[in-house]
Peer 1: 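Can you read through this structure? Questions will come right after.
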There are 2 protein chains.
Amino acid sequence: MRSTGPRSTLADVAARAGVSKSLVSLVMRNEPGASAETRRRVLDAADELGYHPDRGARLLRSGRSRLLGVVFGIQHAFHADLVTALYTAARETGYELALSAVTPDRDETEATAGLLQDRCEALILLGPQTPTASLARLATRLPVVVLARGVRGAAVDVVHTADADGLHQAVDHLVQLGHRSIAHIDGGHAPGAAQRRRGYRDAMCRHALDRHTRIIRGGLTEEDGAAAARALLADPPTAVTVFNDRCATGVLDVLAHHGLKVPDDVSVVGYDDSRLARLAHVNLTTIAQDTATMTRLAVARAIDRVEGSTITHRDVVPPHLVVRSTTGPPTSP
Amino acid sequence: MRSTGPRSTLADVAARAGVSKSLVSLVMRNEPGASAETRRRVLDAADELGYHPDRGARLLRSGRSRLLGVVFGIQHAFHADLVTALYTAARETGYELALSAVTPDRDETEATAGLLQDRCEALILLGPQTPTASLARLATRLPVVVLARGVRGAAVDVVHTADADGLHQAVDHLVQLGHRSIAHIDGGHAPGAAQRRRGYRDAMCRHALDRHTRIIRGGLTEEDGAAAARALLADPPTAVTVFNDRCATGVLDVLAHHGLKVPDDVSVVGYDDSRLARLAHVNLTTIAQDTATMTRLAVARAIDRVEGSTITHRDVVPPHLVVRSTTGPPTSP
DNA sequence: ACGTGAGGCTGGAACGTTCCAGAGTCTGCG
DNA sequence: CGCAGACTCTGGAACGTTCCAGCCTCACGT
């Protein structure tokens with residue numbers, strides 16, 4: 001049933017065309033050094049035999065896999081968005097992506113190990129939790145780009161959003177709508193949480209709203225958001241900025257269950273502009289990370305390194321506010 | 001800065017451990033033939049050198065990649081659950097997973113092509129939309145296992161849930177609670193939708209509730225659920241079974257926004273028991289697909305085929321009801 | 001005492017490429 | 001005429017594995 005036809009090799013093609021292996025190799029790689037006539041003969045022979053070069057052997061000899069490894073959290077909606085964008089960013093570069101997922105049973109170390117076996121030439125890590133020291137050690141073996149997390153110090157390239165800036169925009173927007181009692185549900189120890197927290201605090205200061213500053217411990221999951229929202233119910237602010245969209249979803253949910261109207265009673269701003277936020281029935285006002293730019297940069301940095309660059313880059317990409325329907329002017333001050 | 005340390009090889013490890021390459025090879029593959037003591041020495045040496053076997057070279061020599069390709073939809077919460085389970089299912093088998101994602105910009109054909117280049121020995125496709133004919137064609141090249149979709153006819157192995165059975169259980173549960181007006185929000189043309197629809201219809205019949213049968217066009221996203229729920233608002237049933245959890249989330253959302261209490265006013269049952277359903281603040285009663293069993297079977301089928309089996313299997317795994325907090329007795333009949 | 005067999009280990013030949021050094025042939029030019 | 005250089009082409013050595021045949025050593029049974 002299955003045509004387990006024996007794969008033909010360079011040698012087979014060479015024999016059929018009456019030339020040497022080396023010559024066939026040249027022709028297959030489209031390199032100069034063969035006459036037009038032989039070239040055609042070789043190509044014909046290859047075609048007749050249904051020859052396809054063996055990637056593994058090629059890699060083994062040449063040492064180049066043209067593969068970029070990507071480590072991502074499979075449960076993470078925003079990572080899904082990033083991976084999607086990474087695929088398109090890599091499309092025209094001549095490099096391909098190799099995916100390795102982090103799951104509850106499979107940590108980053110394991111995910112990374114898998115990619116090393118594939119001989120990836122560089123690694124792109126999405127919001128890695130790996131301690132900086134380990135990252136640095138990894139970076140001695142091959143180029144590493146950290147995406148969507150601001151790591152300090154390690155000799156790795158970093159691409160992330162101007163986290164604080166995002167919260168400035170969020171607070172500005174709310175203040176402009178007339179809000180004064182604006183809380184922040186933070187991301188705990190999650191990557192970027194500290195910066196966003198600081199952004200919130202600074203912005204409140206700038207608007208002379210220090211005394212309204214109110215930070216509730218959140219996290220990065222829906223759960224965390226729900227818990228934080230419940231903590232807020234006793235004395236709700238008129239607006240709340242949330243660490244990320246996923247967490248904001250939990251907040252919205254709890255508010256709805258307790259009869260609080262969004263945005264009439266409470267305005268909510270998320271962060272990421274993940275697929276979640278764009279859903280019509282959620283339609284969340286949020287701070288959009290510029291995934292297209294970030295992923296394009298990440299891929300470019302990785303390739304630069306592969307091709308010999310030794311400059312360490314840290315790219316901070318500005319986010320922007322996307323106003324949807326979860327924010328509006330406060331009804332009662 | 002970066003030592004661009006040359007990748008260490010079997011030979012390096014061998015030198016450091018004071019044994020031969022062959023011995024190291026044995027140890028790395030976990031084959032018998034080395035004493036416990038040397039084994040440890042070799043493992044230590046490998047660790048110190050940060051050695052990772054080169055998959056390409058391995059494949060080149062042995063002709064076996066020991067790789068199972070997995071094609072999945074990266075936007076799909078339930079696929080994430082499946083991939084997670086697949087990793088654990090594959091863990092002890094000696095095979096590894098190669099992931100290839102389907103994104104809005106990257107269709108199944110492209111995802112599959114990538115895996116073929118990696119010389120995967122078999123393919124596991126998650127809820128593929130590819131037409132049966134193409135699947136059959138693909139199956140002539142290498143073993144193919146279709147997971148979470150009941151494909152007819154093609155010479156591929158299939159592992160899926162007893163879809164209709166799930167809806168029987170859902171309806172039985174609701175009837176037992178005292179519901180009579182039970183609607184179904186279906187999945188349109190999605191894989192499995194037809195079977196679930198039929199399961200609902202049959203179960204309603206069996207309980208002599210034919211005249212309450214009410215099917216609303218849904219789909220597999222939150223959007224679809226939200227739209228369907230809005231259609232239901234004019235004359236809400238006391239309970240509704242929904243195509244999947246994702247869709248059910250949309251339903252819950254709309255109900256909450258319109259002040260309908262769940263489960264007091266309306267009971268809701270989902271399908272999949274995806275991570276979504278298990279969230280504390282959602283806590284959705286749902287039909288759990290047995291992902292552990294399904295993935296274990298899928299991996300086993302793939303490996304059987306790789307190892308020469310020519311029997312075509314179709315495994316139908318029974319789902320089971322998980323009662324959480326979105327179902328309860330109807331308050332007013 | 002001696003074969004015997006098993007367990008632990010080694011050396012070298014593959015696998016299908018690419019890369020390098022060189023071997024012919026031909027052209028043009030001093 | 002001879003020789004440099006360009007153009008074609010060839011042979012063989014890598015690349016990092018796995019696989020195979022075989023070599024010790026030791027304990028065991030007779």
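Worth saying up front: this structure is predicted, and the values here are computed from it rather than measured. Letters A, B, ... are given to chains in the order of the sequence lines, protein chains preceding strands, and every chain is numbered from 1.
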Peer 1: Whole Å only: how far is the CG atom of A:L60 from the C1' atom of D:dA13?
Peer 2: 13 Å

Peer 1: Any base atoms under 4.0 Å from A:P53, or only sugar-phosphate, or nothing? Heavy atoms, all strands.
Peer 2: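 Result for A:P53 = sugar-phosphate.
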
Peer 1: Look at all strands and tell whether B:R39 reaches a base, only sugar-phosphate, or nothing, counting heavy atoms closer than 4.0 Å.
Peer 2: nothing

Peer 1: Please determine if a side-chain N or O atom of A:R64 lies less than 4.0 Å away from the OP1 or OP2 oxygen of C:dT18.
Peer 2: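 For A:R64, the contact criterion (side-chain N or O under 4.0 Å from OP1 or OP2 of C:dT18) is not met.
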
Peer 1: Report the distance from atom CE of A:M28 to atom P of C:dG16, rounded to the nearest whole Å.
Peer 2: 15 Å

Peer 1: Which is it for A:T312 and A:R301 under the side chain to side chain donor-acceptor pair (under 3.5 Å) test, yes or no, and what are the steps along the way?
Peer 2: CA-CA 9 Å; A:T312 303; A:R301 292 309 175 221; over 6 Å; no

Peer 1: Please confirm whether the shortest side-chain N or O distance from B:R29 to OP1 or OP2 of D:dT18 is below 4.0 Å.
Peer 2: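 Answer is yes, contact under 4.0 Å.
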
Peer 1: Could you check B:T38 against B:R119 and say which one's nearest nucleotide on DNA chain C is further toward the 5' end?
Peer 2: B:T38

Peer 1: Looking at the base of C:dT18, is there any donor atom on it, or on the side chain of A:R61, that sits under 3.5 Å from an acceptor on the other one?
Peer 2: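 In this structure, the two groups form a donor-acceptor pair.
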
Peer 1: Are any of B:S62's side-chain N or O atoms less than 4.0 Å away from OP1 or OP2 of D:dT18?
Peer 2: no

Peer 1: Rounded to whole angstroms, how far apart are CG on A:L59 and P on D:dG16?
Peer 2: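 After rounding, the reported distance stands at 10 Å.
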
Peer 1: Is it true that a side-chain atom of B:D12 and a backbone atom of B:T9 form a donor plus acceptor pair closer than 3.5 Å?
Peer 2: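 Yes: the side chain of B:D12 pairs with the backbone of B:T9.
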
Peer 1: Is any side-chain N or O of A:S35 closer than 4.0 Å to OP1 or OP2 of D:dC9?
Peer 2: yes

Peer 1: Rounded at 0.5 Å granularity, tell me how far CD in B:Q129 sits from CZ in B:R149.
Peer 2: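 That separation rounds to 6.5 Å.
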
Peer 1: Under 4.0 Å between a side-chain N/O of A:S25 and OP1 or OP2 of C:dT17, yes or no?
Peer 2: no

Peer 1: Write down the distance between CG (B:L23) and P (C:dG11), rounded to a whole number of angstrom.
Peer 2: 11 Å

Peer 1: Does any donor-acceptor pair link the side chain of B:S22 with the base of C:dG12 at a separation under 3.5 Å?
Peer 2: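 Checked by distance alone, the answer is yes.
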
Peer 1: Between C:dT17 and A:R58, counting only base atoms on the nucleotide and side-chain atoms on the residue, is there a donor-acceptor pair under 3.5 Å?
Peer 2: no

Peer 1: State plainly whether the residues B:D54 and B:R58 are in salt-bridge range, i.e. N to O under 4.0 Å.
Peer 2: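 A salt bridge is absent here (no side-chain N lies under 4.0 Å from a carboxylate O).
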
Peer 1: Pick the closest DNA chain C nucleotide for B:A57 and for B:A34 by heavy atoms, then say which residue is nearer the 5' end.
Peer 2: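 Its nearest nucleotide being more 5', the pick is B:A34.
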
Peer 1: Starting at atom CD of A:E37, determine the distance to atom C1' of D:dC7, rounded to an integer number of angstrom.
Peer 2: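 Atom-to-atom, A:E37 to D:dC7, this comes out as 15 Å.
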
Peer 1: Closest approach of A:M28 and A:A46, non-hydrogen atoms and distance?
Peer 2: SD-CB, 4.4 Å

Peer 1: Over all heavy atoms of both residues, which pair between B:L67 and B:D118 is shortest? Give the atoms and the distance, please.
Peer 2: CD2-O, 4.0 Å

Peer 1: Calculate the interatomic distance between B:L10 atom CG and D:dC15 atom P; express it in whole Å.
Peer 2: 13 Å

Peer 1: Would you mind reading off the distance between B:R66 atom CZ and D:dT17 atom P, rounded to a whole angstrom?
Peer 2: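 Nearest whole value for this atom pair: 16 Å.
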
Peer 1: Round to the nearest Å and state the distance from B:L26 atom CG to D:dT17 atom P.
Peer 2: 14 Å

Peer 1: Can you find a donor-acceptor N/O pair under 3.5 angstrom joining the side chain of B:K21 to the base of D:dT17?
Peer 2: yes

